[in-house]
Q: 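I'd like to ask some things about the structure below.
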Amino acid sequence: MTKPTSRPKPIPFVSTGYWLLKSEPESYSIDLFAKEKKTLWTGVRNYQARNFMVDSMKPGDKFIFYHSNAEPSAAVGVGAVVRPNQADPSALDKKSEYYDPKASSDHPIWFCAEVSYEGHLKKPVTLQDLRDKKDLEKMALLQRGQRLSVLPMTKSEFEAVVKMGGGLK
DNA sequence: GCCAACGTTGGC
DNA sequence: GCCAACGTTGGC
């Protein structure tokens, strides 16, 4: 006997191992990432984006580093997931703009991923470049109203973006 | 700075 | 549980 349910079941999401992570360069840029080599991808405060990092990201996954709210907004580099699904320390830090009074070490609420720098694209691939590319029209980033800061992408989308950027430098 | 398109909150 | 009001994101 199946339980009655008032809500539709979430569609199971199967990761292809490729992601796109957004950051505003004024808050965390690819240049700073390159200098630090590794960072905790903290401050994600959207449940769907969080769930990607908790449920679907795996060590070794790759991602496009995308500058949002930038001049111009563009894919600018590549990174790799080191360790997903970790409690986000910024939620417990009263001085952080991402502090959440409802979070605690027993109940972190928010999670992040440790990620490592792999390289800058030789040339940034602007949002307009991405939109102009027929092969990328289904890419999550380009869908109407899309605002998540952690987005899945397919392997072929990932490879197309890297190629458009002339590879890594 | 504007505003479309979202997500979240809270009164009921 | 509905939904109006509010807040945020991010392109332009």
Side-chain angles (χ1 to χ4, degrees), chain A residues 2-13 15 18-34 39-57 62-79 81 84-104 106-113 115 117 120-121 123-154 157-158 160-162 164-165:
Chain A
T2 48
K3 263 196 243 174
T5 167
S6 57
R7 247 185 289 184
K9 288 190 194 112
I11 296 160
F13 166 72
S15 168
Y18 295 89
W19 304 93
L20 182 143
L21 302 190
K22 289 186 197 171
S23 180
E24 302 194 9
E26 296 208 352
S27 111
Y28 191 81
S29 71
I30 185 76
D31 289 344
L32 185 53
F33 189 31
T39 192
L40 283 178
W41 202 267
T42 59
V44 174
R45 294 293 178 271
N46 169 286
Y47 289 106
Q48 206 182 333
R50 177 201 71 177
N51 292 345
F52 283 143
M53 294 193 289
V54 169
D55 298 331
S56 304
M57 256 186 198
K62 307 257 186 180
F63 65 90
I64 297 290
F65 191 117
Y66 177 82
H67 277 164
S68 60
N69 251 326
E71 278 307 321
S73 292
V76 291
V78 169
V81 174
N85 192 16
Q86 299 188 73
D88 181 342
S90 71
L92 305 179
D93 176 2
K94 285 192 177 161
K95 289 184 207 133
S96 168
E97 61 176 308
Y98 301 115
Y99 175 65
D100 183 344
K102 294 199 282 294
S104 67
D106 283 350
H107 181 57
I109 303 178
W110 301 112
F111 293 83
C112 62
V115 295
Y117 172 80
H120 279 59
L121 291 174
K123 51 182 196 229
V125 182
T126 66
L127 181 59
Q128 193 58 56
D129 294 338
L130 296 170
R131 289 201 188 285
D132 289 344
K133 187 84 173 173
K134 192 76 172 48
D135 294 346
L136 295 180
E137 65 185 2
K138 291 190 177 159
M139 193 174 161
L141 175 76
L142 304 181
Q143 303 313 304
R144 181 184 186 79
Q146 178 46 68
R147 303 184 313 183
L148 294 182
S149 60
V150 177
L151 290 168
M153 62 194 302
T154 66
E157 287 165 352
F158 176 88
V161 173
V162 172
M164 288 167 78

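Within every chain, numbering begins at 1; the chains are lettered A, B, ... in the order of the sequence lines, protein sequences first and strands thereafter. Keep in mind it's a predicted model, so treat the numbers as computed, not measured.
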Q: Please list, chain by chain and in numerical order, all residues satisfying side chain to side chain donor-acceptor pair (under 3.5 Å) with A/Trp19, sequence neighbours excluded.
A: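 In terms of side chain to side chain donor-acceptor pair (under 3.5 Å), with neighbours along the sequence ignored, A/Trp19 is linked to A/Asp61.
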Q: For A/Ala140, enumerate each residue passing the side chain to side chain contact (heavy atoms under 4.5 Å, CB included) test, keeping only those at least two apart in sequence or located in another chain.
A: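 With neighbours one apart ignored, the set is A/Leu151.
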Q: What pairs of donor and acceptor atoms, side-chain ones from residues 47-57 of chain A against any protein atom, are under 3.5 angstrom apart with sequence neighbours left out?
A:
unit_1	atom_1	unit_2	atom_2	d
A/Arg50	NH1	A/Ile109	O	2.8
A/Asn51	ND2	A/Tyr47	O	3.2

Q: Are there any protein N/O atoms within less than 3.5 Å of an N/O atom in nucleotides 7-12 of chain C, and if so, which ones and at what distance?
A:
unit_1	atom_1	unit_2	atom_2	d
C/dT8	O2	A/Arg147	NH1	2.7
C/dT9	O3'	A/Arg147	O	3.4
C/dG10	OP1	A/Lys22	NZ	2.8
C/dG10	OP1	A/Arg147	O	2.9
C/dG11	OP1	A/Tyr66	OH	3.0
C/dG11	OP2	A/Asn69	N	3.0
C/dG11	OP2	A/Ser73	OG	2.7

Q: Would you please name every residue forming a side chain to side chain contact (heavy atoms under 4.5 Å, CB included) with A/Leu32, sequence neighbours left out?
A: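 Partners of A/Leu32 under the side chain to side chain contact (heavy atoms under 4.5 Å, CB included) test: A/Tyr28, A/Ser29, A/Glu36.
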Q: Strictly below 4.0 Å, heavy-atom distances to any atom of DNA chain B: list the hits from residues 46-53 of chain A, or just say none.
A: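 DNA chain B contact set from residues 46-53 of chain A: A/Asn46, A/Tyr47.
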Q: Any salt bridge (charged side-chain N to carboxylate O under 4.0 Å, His left out) pairs touching residues 133-142 of chain A, not counting sequence neighbours?
A: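 For residues 133-142 of chain A, and leaving out neighbouring residues, the salt bridge (charged side-chain N to carboxylate O under 4.0 Å, His left out) pairs sorted by first residue read A/Lys134-A/Glu137.
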Q: Would you please name every residue forming a side chain to side chain donor-acceptor pair (under 3.5 Å) with A/Gln146, sequence neighbours left out?
A: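 A/Gln146 satisfies side chain to side chain donor-acceptor pair (under 3.5 Å) with no residue once adjacent residues are dropped.
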Q: Applying side chain to side chain contact (heavy atoms under 4.5 Å, CB included), can you list everything that pairs with A/Pro89, at least two apart in sequence or on another chain?
A: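 Testing A/Pro89 for side chain to side chain contact (heavy atoms under 4.5 Å, CB included), a comparison that skips the adjacent residues, returns A/Leu40, A/Thr42, A/Cys112.
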